Number of protein chains: 2
Amino acid sequence: MTTHQDVPARSAPGTPSEREQQVLDRIERARRRRAKVKEERITLAHGSGGKATQTLIEAIFLEAFRNPLLEPLEDAAELTMNGTRLALTTDSFVVSPLFFPGGNIGDLAINGTVNDLAVSGATPRFLTAGFILEEGFPVADLTRIVDSMRAAAEAAGVSVVTGDTKVVQRGKADGCYINTAGVGLIEYPGTLGVATARPGDAVLVSGPIGEHGVTVLLARGELDIEADLVSDTAPVHGLVAELLASTSGVRAMRDATRGGVATILNEVARAADVAVVVDEDAVPVGTEVRGASELLGIDPLYVACEGRIVVIVDGAEADTALAALRRHPLGEQAAVIGRIKEDPPGLVLLNTVFGGTRICDLLVGDPLPRIC
Amino acid sequence: MTTHQDVPARSAPGTPSEREQQVLDRIERARRRRAKVKEERITLAHGSGGKATQTLIEAIFLEAFRNPLLEPLEDAAELTMNGTRLALTTDSFVVSPLFFPGGNIGDLAINGTVNDLAVSGATPRFLTAGFILEEGFPVADLTRIVDSMRAAAEAAGVSVVTGDTKVVQRGKADGCYINTAGVGLIEYPGTLGVATARPGDAVLVSGPIGEHGVTVLLARGELDIEADLVSDTAPVHGLVAELLASTSGVRAMRDATRGGVATILNEVARAADVAVVVDEDAVPVGTEVRGASELLGIDPLYVACEGRIVVIVDGAEADTALAALRRHPLGEQAAVIGRIKEDPPGLVLLNTVFGGTRICDLLVGDPLPRIC
């Protein structure tokens, strides 16, 4: 069995180690083989974060824009400009409804981009904001959304420095869509990325999962389910700083948004060509989320969070990392939920509470459209 | 009369001269006085780039996000990160139809952001791309759009390094909306910005105006007008580089998109508290645009271009700047169209071809929605 001691030293930023290069090559070959969009028309599944999204991204976007900065398909791209290491990221937000318990599209748009920068090891600094508004949208709602953005930006220590507003005719949008892009400063000396996960590593989550997704779903009011739930939307930059300061063993972090924790773990398994083995009963899930999920027939592992991170860390550093997460208010219920193993490469296995093991694959459809 | 010799030396980046500070203070007071959105609901005019857009931006966005980087409301914000000067910008594209003679939403989305970086004096480098797709959108159309983005990015020397895809239900978008954000490197030593325009400066445009807007309008097929027109969509970074290399007298550049040249000139007049006096017969307008505009009852000065820039330059350097623009293929028909004067401050005056003078104000409504 490979332990953390056997693993070669981390390579300098930008120059992959031999193992990393082998992994990258293998992914590349797999991509070229698999990626082809079979559908003639875009479906909601193409926006789910699951299999269809991945195929769309690889077959169309990656194929066209192919470059070494885009290729890792991480949450943020790492740029070096005049010797300064920067992270750049973008996200569009189309959540429905626009307002839900615990937040609205505005703070979601700020936190989402702040979090993509934070999990890439960057200190979030500057954001852009692009609004697409539907004719007839109440100005009072826009003001409320923008006020939430201001508060979220203040809480995360970022400035919105440039923006854009477009208006489309009635029936050509759904009230308000927001895009944010963000730039952060990378001062962390190591290389982070899901492709660097290796056997022996531990898998952690920073708190109970699925709260954002279930909250939004219930806020639509179409289901006759009541639950005392609020979205977990929050900026994770402080939590990440606490973690990175405690150990140099962090391989990768991701915020578990669209597609939930299971989707992130599949990306790890695939990018690093390793197995991810998760103990179902170690995964923190709140009572309300568990209850609502059972009624709805969905698996919390696939439900979006907006303030939770998945961490892959050197197995020997798991306890240190867990303690660091738990020291932060957002990480009080953090848990080690699994391990990275060698076999079967590319798969996520779930040891279920009933004692069985099942494959936890990428979703094919989209049970929860427009959750973020 | 103030001439260029009387003007104090340009101040260092970031520290406004006394005159600049006075101007900024005056604008600030004016903003606080004026900006209030009177409408209860968003109208198409809020997206026109005219008066309603300006009020919306000042009353809601600027009010909430207020910070020194956002405040100048230039096309891109200037950031300094670890001593590196960067420009950051964003734009959403909602053009209808998605495909039009000379381009489509894809190259428009690349060129638009490349141009916002270029006119801020930055070398465009890295772009993000966020897609909002409507369920049912043809994958073949998406592929064609993304291919155009690839070609436009190559032509402009930029890389798309990160992206995002969302899908919304049928009837909740109009096929495809794209947001791009961009980062560029500022190496130009001076301070550019419309607030630095001063009496004696010359006003140039880099080519015939209004071609993009009229092309898109006719491509909708609702009007019984035929014209042999193509959009002027193009990346202006090469043109800008040629200009900046030829003279240090450039005060400001803007790409004349939504709202056209007239809107840019109003921003100059307002930001610098000067008069902009334009000779109507000096403004280059192609025969097809002139003819179509007359039939449609619109003024080409307010019609969007996507590959034309407005330049404010020290009056003594006007000929040098004009020659530099004309040396570049995109600037062959560049022209000096007016001058900056002291009075009446804040206004754009047009010396008409009939020998009269009229005020050329910001538009109140939006005669051309969704042109970009």
Side-chain angles (χ1 to χ4, degrees), chain A residues 37 39-44 46-47 53 56-57 60-61 64-65 67 69-70 76-77 79 81-82 84 86 88-92 94 125-126 128 130 132-133 135-139 142-143 146-147 149-150 159-169 171-174 177 179 181 183 185 370, chain B residues 37 39-44 46-47 53 56-57 60-61 64-65 67 69-70 76-77 79 81-82 84 86 88-92 94 125-126 128 130 132-133 135-139 142-143 146-147 149-150 159-169 171-174 177 179 181 183 185 370:
Chain A
V37 176
E39 301 82 8
E40 285 188 6
R41 292 184 178 270
I42 294 294
T43 67
L44 287 174
H46 287 117
T53 306
L56 184 77
I57 289 171
I60 296 186
F61 300 122
F65 301 135
N67 64 65
L69 299 177
L70 175 65
L79 321 173
M81 294 182 82
N82 258 10
T84 301
L86 303 173
L88 177 65
T89 190
T90 190
D91 243 325
S92 297
V94 299
R125 294 287 301 278
F126 301 108
T128 71
I132 297 176
L133 304 175
E135 184 186 8
F137 188 63
V139 171
L142 179 63
T143 305
V146 172
D147 280 346
M149 294 178 78
R150 181 194 47 69
S159 304
V160 176
V161 294
T162 188
D164 177 59
T165 313
K166 294 289 188 301
V167 180
V168 296
Q169 297 93 337
K172 301 295 183 188
D174 197 5
Y177 298 144
N179 175 286
V183 178
L185 192 63
R370 299 184 56 196
Chain B
V37 176
E39 301 82 9
E40 284 188 6
R41 292 184 176 270
I42 294 294
T43 66
L44 288 173
H46 287 116
T53 306
L56 184 76
I57 291 171
I60 296 186
F61 301 122
F65 300 136
N67 65 65
L69 300 177
L70 175 65
L79 321 173
M81 294 181 82
N82 259 9
T84 301
L86 303 173
L88 177 65
T89 189
T90 190
D91 243 325
S92 297
V94 299
R125 293 287 301 279
F126 301 108
T128 70
I132 297 175
L133 304 175
E135 183 186 9
F137 188 62
V139 171
L142 179 63
T143 305
V146 172
D147 280 347
M149 293 178 78
R150 181 193 47 70
S159 304
V160 176
V161 295
T162 189
D164 177 60
T165 312
K166 293 291 189 302
V167 180
V168 296
Q169 297 93 335
K172 301 294 184 189
D174 197 5
Y177 298 144
N179 175 285
V183 178
L185 193 61
R370 297 184 57 195

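Computed from a prediction, not measured in an experiment: that's the story for all the values here. Residue numbering restarts at 1 for every chain, and letters A, B, ... go by the order of the sequence lines.
Nearest heavy-atom pair, A:Ile132 versus B:Ser92, reported as atom, atom and distance to 0.1 Å: CG1-CB, 4.0 Å. When all heavy atoms of B:Pro138 and A:Arg41 are compared, the pair lying nearest together is CG-NH1, 3.6 Å. Residue B:Ser159 comes nearest to A:Asn67 through the heavy atom pair CB-ND2, 3.8 Å, listed as atom of the first residue, atom of the second, then distance.
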Evaluation steps, side-chain contact (heavy atoms from CB on, under 4.5 Å), between A:Val167 and B:His46: CA-CA 7 Å; A:Val167 180; B:His46 287 116; 4.0 Å; yes

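Counting only heavy atoms from C-beta outward, the side chains of A:Glu135 and B:Ile42 never approach each other to under 4.5 Å. Side-chain contact check for A:Asn82 versus B:Asn82: every heavy-atom pair is 4.5 Å or farther apart. Contact check for A:Met81 versus B:Leu185: side-chain heavy atoms found under the 4.5 Å cut-off. Side-chain atoms of B:Lys166 and A:Asp91, non-hydrogen and from C-beta on, do get closer than 4.5 Å to each other. Inter-residue side-chain proximity for B:Arg370 and A:Lys172 is flagged as met; some heavy-atom pair is nearer than 4.5 Å. Put simply, the side chain of A:Asp174 does not reach to within 4.5 Å of the side chain of B:Val168, judged on heavy atoms. Residues B:Leu56 and A:Leu142 have side chains in contact (heavy-atom distance under 4.5 Å, counting atoms from C-beta outward). By the 4.5 Å heavy-atom criterion applied to side chains, B:Met149 and A:Phe65 are counted as neighbours.
Note that OG1 of A:Thr165 and CD1 of B:Ile57 are 5.0 Å apart. Values are rounded to the nearest 0.5 Å.
For the options A:Val37, A:Val94, A:Val160, heavy-atom pairs under 4.5 Å to chain B are most numerous at A:Val160. Note: A:Ala64 leads A:Gly130, A:Ala77, A:Ala64, A:Ala181 in heavy-atom pairs under 4.5 Å with chain B. With chain A as partner, the option from B:Leu69, B:Val183, B:Val161 having the largest number of non-hydrogen pairs under 4.5 angstrom is B:Val161. Looking only at heavy-atom pairs under 4.5 Å with chain A, the residue among B:Thr43, B:Leu86, B:Leu70 that has the most is B:Leu70. If you tally non-hydrogen atom pairs under 4.5 Å between each of B:Ala173, B:Gly136, B:Gly47 and chain A, the highest count goes to B:Gly136. When the candidates B:Leu44, B:Leu133, B:Thr128 are compared by the number of heavy-atom contacts under 4.5 Å with chain A, B:Leu44 comes out ahead. Contact count against chain B (heavy-atom pairs under 4.5 Å) is highest for A:Leu79 among A:Leu79, A:Thr143, A:Thr89.
With a 4.5 angstrom heavy-atom cutoff, B:Tyr177 touches chain A only via side-chain atoms. Contacts of B:Thr53 with chain A are absent, with no heavy-atom separation under 4.5 Å from either backbone or side chain.
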